[in-house]
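Worksheet: the structure to be examined is printed underneath.
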Amino acid sequence: MTFSDHVLVWHKKNARRDLPWQQAVTPYRVWVSEVMLQQTQVATVTDYFERFMARFPTVRRLAAAELDEVLALWSGLGYYARARNLHKAAGIIHARYDDRFPDTFDAVHSLPGIGRSTAGAILALAFGQRHAILDGNVKRVLTRHHAIAGWPGETAVSNRLWAIAEAHTPHRRIAQYTQAMMDLGATVCTRTRPACPHCPLRESCLAHANGEQERFPTKRPKKTLPVRVTIFVMVMHQDKHGRFLLLEKRPATGIWGGLWSFPECAPEADLDAWCVERFGSAPNSVAHLPPFRHTFTHFHLDIRPVLVAWGETQRQEFPYIMISARETIWYPLDGETSMKGGAVSELPLLGLAAPVERLLGELSRMERRV
DNA sequence: AAAACGGGGCA
DNA sequence: TGCCCAGTTTT
């Protein structure tokens, strides 16, 4: 029995067939699920996937949607460039391929947000074409099976793994094999405490033979992350309609690109002076909320939230000067959208970065307790 | 606090 | 081609 034979036999008995994107398989559904799965676990993705498909059932509908709406549905999934790429690619498929998902590797691979592995997965799963994949799960299986040392982020290691992945890829039952490899990495050949007794490849696995499963894959070299500090200025406005927090839309690229967030003040700046410049006067009340750390791959972001208010006002419109190059909105704190984490689980109407959503949720819960 | 995850984009 | 960038969850 070959490598792929063992994997396929295992798949027959152990495959998951109940996942949403495994029903009514279309290239579009496979594409969206693969992009979501790039960064998130199956359990989280299923909810997002269902909501996404309900709103954008076809490529055409996605292409016709506003990016804002796509980002809103992506809110909390992270790596928002993927949502932007998904939307952009849908536009390309609409314009160039008449809404039909392309079925050649080069065409699929050249779409924004689709790299070599994702292209291979889509073509294998949706079209039954023979292509190798090399996602995190497969990397783990292969580095262990062949005891490949070295961080897979290194080009030399990656090239080796791709060659091995290609060599193992069978010529038949490609969709099953592709799914099986991902499932195997996700459920058996796990990062910690792999379930080797249940693994179809244990007899040929070099790492298993040496009891070195946890040595592979080699970890990314450590780097001490720089720390950046920012002040989230949470401008609160209260009137007879309730409480509102000022959000502004971030630039399309960079951190939390295109998402809505709080205005940010440099930590060394004087808050009152900043407010005067930005809003025309210093706030009447300033409350420092507990700071917290949000960690990205390349740096820590220490967030110091400050709640500022100018007191009650009768006016519907916020009366202060808002000097901003950005679009701003008043987020209703006491509306249904602020009930996340509570009994009502509404869709976020806006794309919000995780720390922003967290702060909004905390404030709305504080409000409801009072 | 560390680790994991796939791809884009730019020198 | 080699580097840096980007968010969140899990461990």
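Since we're looking at a predicted model, the values are computed, not measured. Numbered from 1 within each chain, the chains take letters A, B, ... in sequence-line order.
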ask   = Which comes earlier along DNA chain C counting from the 5' end, the contact point of A:Arg228 or that of A:Thr155, where each point is its nearest nucleotide?
value =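 It is A:Thr155 whose nearest nucleotide is closer to the 5' end.
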Over all strands shown, is [X] touching base, sugar-phosphate only, or nothing at heavy-atom distances under 4.0 angstrom?
X        : answer
A:Leu111 : sugar-phosphate
A:Thr44  : nothing
A:Pro355 : sugar-phosphate
A:Arg140 : sugar-phosphate
A:Leu37  : nothing

task: Using heavy atoms to find the nearest nucleotide of DNA chain B for A:Tyr79 and A:Ile114 separately, return the residue whose nucleotide is more 5′.
output: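 Of the two residues, A:Tyr79 wins.
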Check the distance between [N]'s [atom2] and [X]'s [atom1] and give it to me in whole angstrom.
X        : N      : atom1 : atom2 : answer
A:Trp151 : B:dA3  : CH2   : C1'   : 12 Å
A:Arg220 : B:dA3  : CZ    : P     : 10 Å
A:Arg193 : C:dT11 : CZ    : C1'   : 11 Å
A:Arg191 : B:dC5  : CZ    : P     : 7 Å
A:Gln41  : C:dT9  : CD    : P     : 11 Å
A:Leu301 : C:dC5  : CG    : C1'   : 15 Å
A:Phe296 : B:dA1  : CZ    : C1'   : 16 Å
A:His109 : B:dG7  : NE2   : P     : 9 Å

B:dG8 and C:dT9, which share atom name P, separated by this distance in whole Å: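 Nearest-Å result for C:dT9 against B:dG8 at atom P: 23 Å.
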Picking from [options], which would you name as closest to the side chain of [X]?
X        : options             : value
A:Ile255 : B:dA1, B:dG7, C:dA6 : C:dA6
A:Trp256 : B:dG7, C:dG7, B:dG8 : C:dG7
A:Gln38  : B:dG7, C:dA6, C:dG7 : B:dG7
A:Lys219 : B:dG8, C:dA6, B:dA3 : B:dA3

**OP:** To the nearest 0.5 angstrom, please state how far the CD atom of A:Glu327 sits from the CZ atom of A:Arg250.
**Re:**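 That separation rounds to 14.5 Å.
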message: Parallel, tilted or perpendicular, judged at 30° and 60°: which one describes the rings of A:His294 and A:Phe296?
response: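 Judged by the thresholds at 30° and 60°, the geometry between A:His294 and A:Phe296 is perpendicular.
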Checklist line | Distance-minimising heavy-atom pair for A:Arg326 and A:Pro251 | finding: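 For A:Arg326 and A:Pro251, the tightest heavy-atom pair comes out as CZ-CD, 3.7 Å.
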For A:Trp31 and A:Phe101: C-alpha separation, side-chain torsions, deciding distance, then whether ring pair (Phe, Tyr, Trp, His ring centres under 6.0 Å) applies. CA-CA 9 Å; A:Trp31 169 42; A:Phe101 201 92; 5.4 Å; yes
Note to self: Could you walk me through whether A:Glu264 and A:Arg228 satisfy the salt bridge (charged side-chain N to carboxylate O under 4.0 Å, His left out) test, starting with their C-alpha distance in whole Å, then the side-chain angles of each, then the deciding distance to 0.1 Å, before giving a yes or no?
What the structure shows: CA-CA 12 Å; A:Glu264 285 180 40; A:Arg228 295 187 207 165; over 6 Å; no
Below the 4.0 Å mark, does B:dC5 have OP1 or OP2 next to a side-chain nitrogen or oxygen of A:Arg82?
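It does not, given that no N or O in the side chain of A:Arg82 lies less than 4.0 Å from OP1 or OP2 of B:dC5.
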### Task
Give a yes/no answer on whether the side chain of A:Thr40 brings an N or O atom under 4.0 Å of OP1 or OP2 in B:dC5.
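No, because none of the side-chain N or O atoms of A:Thr40 sits under 4.0 Å from OP1 or OP2 of B:dC5.
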(message) Taking the six-membered ring for Trp, are A:Trp21 and A:Phe49 closer than 6.0 Å centroid to centroid?
(response)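 Yes.
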